[in-house]
Amino acid sequence: MDILKEISEKLQLGDDEKVSVFTKQAIEEKIPPKEILDKGLIQGMDIIGAKYKVHEIFLPEVLLAAKAMHAGMAILKPMFIKEGIPSIGKVVMGTVQGDLHDIGKNLVGIMLKGAGFEVIDLGNNVSPLKFIETAKKENADVIGMSALLTTTMPVMKRVLDLLKEEDLCDRIKTIIGGAPVSEEYAKEIGADAYGYDSANAVEAVKKLVRNEK
Amino acid sequence: MEWRDCLKNPDNALTTEEENIVREIIEIRVNDVKPDRNEVLKNQCIPPDIEPSKKTEILFKRAMDLFLETSHPKGIVSEISIPEFEVVYSGEGLNEKKTPLDEIFRKADNLALFVLTIGNIVSQKIDELFKVNEFALGSMLDSVASAGIDKAADSIENLFFNLLSKRGKISPSAGILRYSPGYCGWHMSGQKKLFEFLNPEDINITLLSSYLMKPLKSISGVIVVGEKEIHNFRDSYPFCSQCKTHFCRDRIRSLFRESKHTNKKGGI
Ligand code: B1M
């Protein structure tokens, strides 16, 4: 079987060890790293995402596949850095100040990495300034914020206000999500996108980096 | 006799003259809060009619073992009078104008405030698992832990019920349900007065200025005992239109369906 197809299939089975082995083999066969990523790893994750959407598989299978994706990426990443190949976009994300809920934010981060984004995860209880400073320092395309409480949602607005103050809204896009957050709230505070769940968040971030609304 | 005696030996007899229970720190055996598989799978968004994959079953078993190793359920419970609860409920004055609980608690026969945690070690373990890319196990442990803390609250509810039964204070048509700040119009800031009343700092539960409790896997609220009918409300309050779950329906239904006093549907 074609080695890239092999990588994609082993990834879908959540077999991280085999994904590592075949990724190394593909490199030895002089397949360009970007092709291994796009046609092996990301292709596998896309299939997983599609199956998850129609409830053919569930969260555990998706997360096992994500672990396999990370195993492959760990091998490819140093090559991308060496060859100066950029990721499809850089996202700085975290759970906002005052909030410690981070399981949802973690899932969104994992799915974004699975789609080929570089994710800088600031963890939880992240201050507005930290979001902005990190995004500037890392030259990020997107800031992603998660909040699970109505009492912590206003921190999202503070981040957006700071972005406006620094005139960074055109350069750095924003996406927000979490149980009490809604599309309407995103519009109200001027966020560029709202993510209902992790799959939806990935689609939204893809649009943001492509500059689509 | 105290709450904890009732937990150790629910058959102990209570005399009717016993005073209200003021404030008790309760340690719960972790085995008593082992969550049901179906509840955990529900938290993983796996529908009940789906047979989970073999890998999922293995993850569930591993996560359950980790839960038993890392969870230390304990809580503080205290009976509270209706006037005292009125002060706690009013909180910082931020509740919705009309709420189900506002009408329910005034008709209650007995009330008890509670705060519970399974500790922080389980959350640290979940973090660790995510850091080493064990996402599926980390997420499964999170689901087990969330279901586990709900089970701990069920056990406190049962305990209160047993205590009242032994005092001969339970009528055959009584029902018991719990309500929490952050749900159904009771504003999250209600946590402040609840904490002032219970002082959960004694069991290392602290409140952030956002009213979030630390450790994360903690819950708080009031247990309301009274005629089943007092718990029966319609989900037509203005804020109900924003509710994504309407769990209240299941809770109320289960109270009447099961011809028993306690519900099996957790709290709100
Ligand atoms: C950057 O872009 C993006 C894009 C998408 C993004 C995103 C960012 N971030 C998230 N998303 C989205 O994608 C993710 C993946 O699909 C999703 O992330 P989530 O984080 O939503 O999803 C997780 C994967 C799974 N979901 C969860 O973990 C949360 C589920 C619900 C039911 C929930 C649970 C399980 C729990 N809770 Co509670 N809890 C609720 C939740 C209600 C709900 N329906 O969501 C919520 C958050 N809780 C609430 C409350 C009130 C509370 N809880 C409490 C306790 C608990 C448990 C311990 C029982 C448990 C643990 C939660 C945990 N994560 O550890 C208490 C507080 C705990 C504390 N430490 O202070 C307590 C205060 C109740 C009490 N008084 O005891 C409510 C907050 C309401 C408010 N007013 O703010 C609540 C919304 C329930 C409700 N009322 O409907 C999406 O939201």
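Naming: A, B, ... by sequence-line order, numbering from 1 per chain.
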Are there over 12 heavy-atom neighbours, none belonging to B/Phe239, within less than 6.0 Å of that residue's CZ?
yes

Test item: B/Leu212 and A/Leu149 side chains (from C-beta on) under 4.5 Å apart, heavy atoms
yes

Counting only non-hydrogen atoms closer than 4.5 Å, does B/Ser139 touch chain A with its backbone (N, CA, C, O), its side chain (CB onward), both, or neither?
both

Residue from A/Asp99, A/Leu148, A/Asp16, A/Asn106 scoring the most non-hydrogen pairs under 4.5 Å with chain B is A/Asn106

If you count every heavy atom of other residues, nucleotides or ligands that lies below 6.0 Å from B/Lys151 atom NZ, does the total exceed 12?
yes

As an exercise, state the distance from OH of B/Tyr211 to OG1 of A/Thr151, rounded to the nearest 0.5 Å.
8.0 Å

For A/Gly98 and B/Ser210, which heavy atoms make the closest approach, and how far apart are they?
O-OG, 2.5 Å

Take a 6.0 Å sphere around NZ of A/Lys157 and say whether it holds more than 12 heavy atoms from other residues, nucleotides or ligands.
no

Chain B contact via A/Leu64 - side chain, backbone, both or neither, heavy atoms under 4.5 Å
both

Tell me, side chain or backbone of B/Asn133 under 4.5 Å from chain A's heavy atoms, or both, or neither?
both

I'd like to verify something: which residue of B/His187, B/Lys214, B/Glu134, B/Met140 has the highest number of heavy-atom pairs under 4.5 Å with chain A?
B/Glu134

Using a 6.0 Å cut-off, check whether atom NZ of B/Lys61 has over 12 heavy atoms from anything other than its own residue.
no

A quick test of your reading: do over 12 heavy atoms of other residues, nucleotides or ligands sit less than 6.0 Å from NZ of B/Lys97?
no

Heavy atoms, side chains only, cut-off 4.5 Å: are B/Leu59 and A/Leu63 in contact?
no

Just give me the residue among A/Val62, A/Leu13, A/Val155 that pairs up with chain B most often, heavy atom to heavy atom, under 4.5 Å.
A/Leu13

For chain B, which residues of residues 40-61 of chain A have at least one non-hydrogen atom nearer than 4.5 Å to it?
A/Phe58, A/Leu59, A/Pro60, A/Glu61

For chain B, which residues of residues 108-128 of chain A have heavy atoms nearer than 4.5 angstrom:
A/Ile110

In terms of heavy-atom pairs under 4.5 Å, which option from B/Ala136, B/Ser123, B/Cys45, B/Pro52 contacts chain A the most?
B/Ala136

Of the backbone (N, CA, C, O) and the side chain (C-beta and beyond), which part of B/Leu137 lies under 4.5 Å from a heavy atom of chain A, both, or neither?
neither

At a heavy-atom distance under 4.5 Å, which candidate from A/Ile103, A/Thr152, A/Thr150 has the highest pair count against chain B?
A/Ile103

Could you tell me if the side chain of A/Leu107 sits less than 4.5 Å from the side chain of B/Phe135, heavy atoms only?
no

